[in-house]
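Quick notes on the structure that follows.
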Protein chains: 2
Amino acid sequence: MQLVRRINMSKKMKSFDKIDFKIIKELSKDARISASEIARTIDINERTVRRRINNLVESKAIRITTIVDPSMFGYHSIADINLKVDEEIYDEFIKSCKKNPNVCYIASGWGKANLAIETRFLDNEEMYNFINYKLPETKGVEVINFFIVPKIIYNIDEWTPVESDFKD
Amino acid sequence: MQLVRRINMSKKMKSFDKIDFKIIKELSKDARISASEIARTIDINERTVRRRINNLVESKAIRITTIVDPSMFGYHSIADINLKVDEEIYDEFIKSCKKNPNVCYIASGWGKANLAIETRFLDNEEMYNFINYKLPETKGVEVINFFIVPKIIYNIDEWTPVESDFKD
DNA sequence: GCTGAAAATTATGCATT
DNA sequence: AATGCATAATTTTCAGC
């Protein structure tokens with residue numbers, strides 16, 4: 001247990017404080033509000049707010065971006081798919097997934113399946129073709145199982161650490 | 001097939017054009033750049049850029065927010081877990097997951113498992129305890145299977161529709 | 001729905017503690 | 001690392017096309 005902790009700590013991880021926490025909370029609500037407004041809300045000097053935001057972004061603790069809702073662009077059919085992908089084509093397959101607008105999540109895995117993807121399609125027919133034809137016809141790729149997802153309830157873009165993850 | 005298409009179209013879905021596409025591309029790189037800078041980059045009047053951004057946000061096609069990297073806050077152990085959750089406690093369980101900082105993705109499902117969650121922990125021991133003790137000890141919750149995730153390669157926050165999803 | 005011009009607000013660079 | 005101040009840039013408001 002101590003070993004595991006030590007391994008995690010070895011990954012260099014700047015520590016952020018409660019001011020950073022407050023800034024992250026404000027930016028989560030609307031990432032385009034002005035630094036001055038954040039400064040007013042949390043009662044911190046505006047220059048400080050700006051520097052903190054820069055530090056958070058530069059250290060890659062946060063990324064200030066735009067989340068696009070796939071369903072607003074017609075992608076209503078969702079499936080989570082677990083795959084067994086041959087090592088020889090693993091990296092290449094990931095590259096093709098990244099380019100595929102139907103793939104919106106890729107994770108490596110351990111076990112029977114070594115890759116998990118989340119896919120979104122304009123309709124069930126497209127999804128059916130992908131799972132039953134396109135993937136099985138790809139050399140080196142085997143569909144281990146899949147999971148039709150009627151609704152995504154919560155996603156990483158809504159996640160934030162808890163206050164106790166920030167030092168005083 | 002036509003039926004499926006029609007069902008999808010029935011969900012009201014404002015259509016966005018190539019200008020919106022360009023704006024989304026710029027905001028994806030850095031959501032805090034000024035509207036004027038976007039205007040300069042894509043050669044559109046800056047007032048137009050602002051109105052488009054407002055429309056995109058108000059229609060919920062995009063959400064401009066801050067993505068926090070869990071690994072920067074020590075969450076290095078990741079598992080995807082498929083669960084069978086009794087209907088009686090389904091909504092309540094989802095609520096508790098939303099509040100749990102170890103859960104960063106929740107999706108409903110069809111089949112043997114009816115809920116999929118992605119979880120992140122500070123270390124493997126915490127993850128082990130959650131999967132082997134905390135979940136099985138929760139009444140009405142059964143772990144169908146789980147999947148240790150060494151690395152998340154790509155996620156929804158990097159996804160954008162393709163240009164052809166936008167009208168001319 | 002798009003743009004112009006002035007006023008208000010915000011961001012930036014430099015300097016100080 | 002945090003702030004004050006002056007200047008530059010941006011956003012907002014009101015207006016007309």
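Only heavy atoms go into these numbers, but all of them, side chains included; no hydrogens, no water, no symmetry mates. Computed from a predicted structure; not experimentally measured. A note on names: the letters A, B, ... follow the listed sequences, proteins ahead of strands, and every chain is numbered from 1.
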- request: Group every Ile, Leu, Val, Met, Phe, Trp and Tyr by side-chain heavy-atom contacts under 4.5 Å, then state whether B:I62 and B:I67 land in the same group.
  value: no
query: Taking the six-membered ring for Trp, is the centroid-to-centroid distance between A:F166 and B:F73 below 6.0 Å?
result: yes
Distances under 3.5 Å only, N/O to N/O: pair up the protein atoms with those of nucleotides 14-17 of chain D.
from: D:dC14; atom 1: N4; to: B:R47; atom 2: NH1; distance (Å): 3.3

message: Tell me the interatomic distance from B:I53, atom CD1, to D:dT12, atom C1', rounded to whole angstroms.
response: 14 Å
field: From CD1 (B:I117) to CD1 (B:I94), nearest 0.5 Å
entry: 10.5 Å
task: Please indicate whether B:D43 has more than 12 foreign heavy atoms, meaning atoms of other residues, nucleotides or ligands, lying under 6.0 Å from its CG.
output: no
- line: A:N45 atom CG is separated from C:dA15 atom P, nearest whole Å, by 19 Å
- prompt: Atom CZ of B:R50 to atom P of D:dT13: distance rounded to whole Å?
  reply: 11 Å
query: Which atom pair, heavy atoms only, marks the closest approach of A:S59 to A:F16?
result: OG-CZ, 3.3 Å
- prompt: Given axes from five pairs at either end, by how many degrees does the helix from C:dG1-D:dC17 to C:dT17-D:dA1 bend, rounded to 10°?
  reply: 40°
query: Are A:F147 and B:I144 in one and the same hydrophobic cluster, where Ile, Leu, Val, Met, Phe, Trp and Tyr link if side-chain heavy atoms are under 4.5 Å apart?
result: no
message: Is there a path of hydrophobic side-chain contacts, each under 4.5 Å between heavy atoms, that joins B:F146 and A:V149?
response: no
statement: note: B:R51, atom CZ; C:dG4, atom C1'; distance rounded to Å ~ 14 Å
Sorted by number, the residues of residues 27-41 of chain A with heavy-atom contact under 4.0 Å to DNA chain C: A:S34, A:A35, A:S36, A:R40
Same cluster (ILVMFWY, side-chain, under 4.5 Å), A:V143 and A:I78: no
statement: To the nearest angstrom, the CZ-C1' distance between B:F16 and C:dG1 comes to 15 Å
- request: Would you mind reading off the distance between A:I23 atom CD1 and D:dA1 atom P, rounded to a whole angstrom?
  value: 13 Å
- prompt: Within this structure, what is the NZ-to-C1' distance between A:K167 and D:dA1, rounded to whole angstrom?
  reply: 12 Å
- prompt: So, B:N45 side chain and B:R47 main chain: donor-acceptor pair closer than 3.5 Å or not?
  reply: yes
query: In the single-linkage hydrophobic clustering (I, L, V, M, F, W, Y; side-chain heavy atoms under 4.5 Å), do A:W159 and A:Y105 co-cluster?
result: no
- prompt: What integer distance in Å separates B:E46:CD from D:dT12:C1'?
  reply: 10 Å
- prompt: So, B:N114 side chain and B:V85 main chain: donor-acceptor pair closer than 3.5 Å or not?
  reply: yes
